[in-house]
Amino acid sequence: MILKIGGSAITIKDAKEPTIDEENLDRITQEVSKYNDDLIIVHGAGSYGHIYAQKFGIGDVIGNVNDHLYKLEGVCRTQASVQLLNYMVCTKLHEKGVPAIGIKPSSFIVTDNKRITLCDTEVIKRYVDNGFVPVLYGDAVLDYNDYMKYAIISGDQIIAYLAEQLKADRVILSSDVDGIYTDNPKTNPDAELLEVVTKDSEYVTTANNDQSDVTGGMSGKVKELLDLADKGIQSQIINAEVPGNIQLAVSGQKVKGTIIK
Ligand code: IP8
């Protein structure tokens, strides 16, 4: 099983600087610890990644030499910040008895035009086979496109890639909303949660303007998951902010949310 823990659930995403949501991290890792079969966790970056990625314009076309120097600093700062978050997530998982192994995506993934092209999953697979729980995350990586040189990959792109390569049985993506709606539930009281979304569904994904999200928020997630569904792997979006949801979902029980197939 591949589980994405949304960055908006474990960090305060609209904070002005990287800020952890201690309470949620503690609860979510506790819920995850109830699962004891093959598992890969991927977490989002929340305020640990998006603030830097946006400030330094990582993934934008590089202008002059000074701009390149600025981007170098940005890649360093983004990587260091999300790695720190990963360390905190893994440490919390260890406290709950989960054999979590932090794996730095930028050390073995290269993108081409922001899509993963180089990524050897053998190490991840071997960790899983030995009973570990690899924990990856959205990161700033090298990109083969010489105009941009660097890119941000979301945890969502990573889960879709790993799910396909490692033939995952189940993919769960937890975020800070219940799922996908027919319309914006904040502005339309008649908006309904869709239990199932396919590429033919009519749905609306909302953006929260207070939060910097360089990887496309919910619409980016749905796109990744619809592509995955096209390859025959269905997934489920659930709300990690609701206590008990992750535990129910990982144990295969019914949870409010949206299935993408
Ligand atoms: O939070 C974004 O990953 P996401 C990664 O899964 C960075 O979209 C570094 C902003």
Side-chain angles (χ1 to χ4, degrees), residues 2-21 24-25 28 40-60 71-89 102-111 114-116 119 134-143 148-163 171-177 205-208 210-225 227-228 235 237-241 246 260:
I2 300 184
L3 171 69
K4 161 101 192 270
I5 303 176
S8 50
I10 53 172
T11 74
I12 310 292
K13 205 169 171 186
D14 52 8
K16 296 282 171 271
E17 56 189 56
T19 312
I20 196 88
D21 186 329
N24 270 357
L25 180 61
I28 289 169
I40 295 172
I41 295 175
V42 178
H43 61 78
S47 49
Y48 283 76
H50 292 273
I51 294 174
Y52 291 114
Q54 196 170 52
K55 176 174 175 214
F56 289 93
I58 297 166
D60 295 348
K71 295 278 192 293
L72 293 187
E73 182 189 346
V75 171
C76 293
R77 285 188 187 272
T78 309
Q79 284 195 8
S81 182
V82 285
Q83 195 169 12
L84 176 63
L85 175 63
N86 180 253
Y87 175 79
M88 289 191 275
V89 172
I103 298 183
K104 180 175 174 147
S106 49
S107 65
F108 71 105
I109 291 177
V110 179
T111 52
K114 306 186 182 183
R115 302 301 299 172
I116 298 172
C119 174
V135 184
L136 294 86
Y137 49 96
D139 205 354
V141 300
L142 290 167
D143 193 289
M148 65 175 86
K149 291 192 191 319
Y150 316 105
I152 296 294
I153 43 165
S154 66
D156 310 318
Q157 191 182 157
I158 297 175
I159 56 168
Y161 188 89
L162 294 182
V171 177
I172 298 170
L173 188 151
S174 70
S175 181
D176 61 347
V177 289
T205 51
T206 55
N208 185 343
D210 299 337
Q211 300 177 349
S212 48
D213 192 321
V214 296
T215 49
M218 189 50 90
S219 59
K221 297 180 201 314
V222 179
K223 197 189 157 303
E224 297 291 350
L225 297 180
D227 286 351
L228 186 62
S235 54
I237 297 179
I238 60 163
N239 192 344
E241 304 267 1
I246 289 193
I260 314 278

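This structure is a prediction, so every number in the text was calculated from the model and none was measured. We count ligands from 1, going down the list as the structure has it; atoms in each ligand are counted the same way.
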- Item | Side-chain (Ser81) to main-chain (Arg77) donor-acceptor, under 3.5 angstrom | no
- Please say whether Gly138 places an N or O atom under 3.5 Å from an N or O atom belonging to ligand 1. no
- Query: With only distance considered, is Gly155 within less than 3.5 Å of ligand 1 through an N or O on each side?
  - Reply: yes
- So is there a nitrogen or oxygen of His43 less than 3.5 Å from a nitrogen or oxygen in ligand 1? no
- Query: Do Lys114 and Gln157 pass the side chain to side chain donor-acceptor pair (under 3.5 Å) test, and can you show the C-alpha distance, the side-chain angles, and the key distance before you say yes or no?
  - Reply: CA-CA 10 Å; Lys114 306 186 182 183; Gln157 191 182 157; over 6 Å; no
- Shortest non-hydrogen separation from Thr111 to Ile153 and the atoms involved: CG2-CG2, 3.4 Å
- Indicate yes or no: at least one non-hydrogen side-chain atom of Tyr150 is less than 4.5 angstrom from one of Leu142. yes
- If you measure from each non-hydrogen atom of Thr78 to ligand 1, which part falls under 4.0 Å: side chain, backbone, both or neither? side chain
- Please report the shortest heavy-atom distance between Ser106 and Asp139, naming the atom on each side. OG-OD2, 2.7 Å
- Query: What part of Lys4, side chain, backbone, both or neither, has a heavy atom within less than 4.0 angstrom of ligand 1?
  - Reply: side chain
- Query: Does Gly49 come within less than 4.0 Å of ligand 1, judged by its heavy atoms?
  - Reply: yes
- Using atom types as modelled and distance alone, determine if a side-chain donor or acceptor of Asn24 lies under 3.5 Å from a backbone N or O of Glu241. no
- Mark up the atoms of ligand 1 that fall under 4.0 Å of a heavy atom belonging to Ile153, in ascending order. 3 (O), 5 (C)
